[in-house]
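Inspection log for the structure reproduced underneath, given as structure tokens.
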Protein chains: 2
Amino acid sequence: MKIETAVVALAALAQETRLSIFRLLVQAGKEGVAAGGLGEELGIPPATLSFHLKALSHAGLVKSRTEGRFVIYSANYAEMDKLIAYLTEHCCAGDAGQCAPVRKC
Amino acid sequence: MKIETAVVALAALAQETRLSIFRLLVQAGKEGVAAGGLGEELGIPPATLSFHLKALSHAGLVKSRTEGRFVIYSANYAEMDKLIAYLTEHCCAGDAGQCAPVRKC
DNA sequence: TTAACATTTCTATAATATTGGAAATGTAGA
DNA sequence: TCTACATTTCCAATATTATAGAAATGTTAA
């Protein structure tokens with residue numbers, strides 16, 4: 001991942017409304033949630049929601065598919081994986097292991 | 001970590017100049033680098049550098065100590081660890097394991 | 001004390017992001 | 001086709017962020 005890509009992804013998540021949307025989508029799993037569902041759940045007006053979904057989408061962090069009148073959004077786990085890998089590799093090295101997430105192996 | 005804290009940390013890293021500063025500090029290790037050294041390395045004028053260091057500092061991602069006339073900045077690995085843990089926990093769950101950084105255990 | 005230097009604060013300007021109402025677009029069912 | 005509904009685009013107002021010169025602050029060494 002290039003630094004520009006990382007910056008775009010970080011910027012997409014660096015906003016409370018968008019981070020909330022993304023968290024909700026992560027929780028929802030790969031089934032996803034319709035735009036309207038997100039708006040209702042989080043109390044965001046349609047235009048504002050659409051604006052934020054565009055940012056997340058542009059960053060590649062969410063995918064969308066159309067089902068009839070609904071647009072279903074879902075988290076793109078693969079892209080999030082890449083972002084975390086980037087942060088772990090470039091922003092935690094130097095003193096290796098220091099920032100590795102705790103895992104029971 | 002609260003969502004507000006995560007947003008502040010993400011916002012601190014969601015800017016190319018600041019992400020570059022942080023990467024450089026991570027590489028530099030716990031010894032750290034003087035503000036002037038960062039400015040010279042990255043070609044950033046003092047006032048601009050100071051502005052960005054303040055943002056990183058406010059997010060808790062960097063620490064600083066004064067040595068004579070120099071202010072030495074260093075990465076706060078612990079805070080970065082917390083951020084990665086937050087992202088892994090809240091933004092990669094739902095379909096557990098999907099986003100876990102690849103590690104050989 | 002005085003001069004040199006490192007860094008921050010002050011300040012103004014420019015650029016970018018956020019918000020949400022209203023209108024436009026597209027789809028489904030009557 | 002006509003109507004209802006979901007979502008997006010358009011637009012304008014507002015807020016926040018980034019940039020960097022100049023001045024201020026603090027520190028060291030002569």
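Reminder, nothing fancy here: chain letters follow the sequence lines and each chain counts from 1. Keep in mind that what you see is a predicted model, and the values were worked out from it rather than measured.
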Self-check item: Residues within residues 2-15 of chain A bordering DNA chain C, heavy-atom distance below 4.0 Å
Solution: A:Gln15
Quiz item: Quick one: which of A:Val26, A:Leu13, A:Val62 gives a side-chain contact (heavy atoms from CB on, under 4.5 Å) with A:Met80?
Solution: A:Leu13
Practice problem: Can you run down the side chain to side chain donor-acceptor pair (under 3.5 Å) pairs that involve residues 6-21 of chain A, sequence neighbours left out, and say none if there aren't any? | Solution: A:Arg18-A:His52
Practice problem: Using salt bridge (charged side-chain N to carboxylate O under 4.0 Å, His left out) as the criterion, list what pairs up with B:Glu67, not counting sequence neighbours. | Solution: B:Arg65
Quiz prompt | pair A:Lys30-A:Ser74: side-chain heavy atoms closer than 4.5 Å | solution = no
Quiz item: Tell me, do B:Cys92 and A:Ile84 make a side-chain contact under 4.5 Å, heavy atoms counted?
Solution: yes
Interface polar pairs with nucleotides 25-30 of chain C, N/O, under 3.5 angstrom:
none

Practice problem: Measure the CG-CG distance between B:Leu25 and B:Leu61 for me, rounded to the nearest 0.5 Å. | Solution: 10.5 Å
Quiz item: Quick one: hydrophobic cluster around B:Phe70, which other residues, with the 4.5 Å side-chain cut-off, linked directly or via members?
Solution: B:Ile72
Quiz prompt | B:Val8: hydrophobic cluster co-members (side-chain, 4.5 Å) | solution = none
Self-check item: Of all pairs that satisfy salt bridge (Lys or Arg N to Asp or Glu O under 4.0 Å), the ones with a partner from residues 32-55 of chain B, not counting sequence neighbours
Solution: none
Quiz item: Hey, is CD on B:Glu31 packed in by over 12 heavy atoms from elsewhere, all under 6.0 Å?
Solution: no
Applying side chain to side chain contact (heavy atoms under 4.5 Å, CB included), name anything that partners [X], two or more places apart in sequence or on another chain.
| X | answer |
| --- | --- |
| B:Thr5 | B:Met1, B:Lys2, B:Glu79 |
| B:Ala35 | B:Leu49, B:Leu53, B:Tyr73 |
| A:Ala14 | B:Leu10, B:Ala11, B:Ala14 |

Quiz prompt | Distance, rounded to the nearest Å, where A:Leu56 contributes CG and C:dA17 contributes P | solution = 14 Å
Quiz prompt | Length of the CZ-P vector between B:Arg18 and C:dT16, whole Å | solution = 15 Å
Quiz item: Is any side-chain N or O of A:His52 closer than 4.0 Å to OP1 or OP2 of C:dA17?
Solution: no
Exercise. Would you indicate what A:Ala55 reaches in the nucleic acid, counting non-hydrogen atoms under 4.0 angstrom: base, sugar-phosphate, or nothing?
Key: nothing
Quiz item: Does any residue of residues 39-49 of chain A have a heavy atom under 4.0 Å from DNA chain D, and if so, which ones, in number order?
Solution: A:Pro46, A:Ala47
Quiz item: Just the endpoints, please: which first and last nucleotides of DNA chain D, 5' to 3', lie under 4.0 Å from a heavy atom of chain B?
Solution: D:dA18 to D:dT28
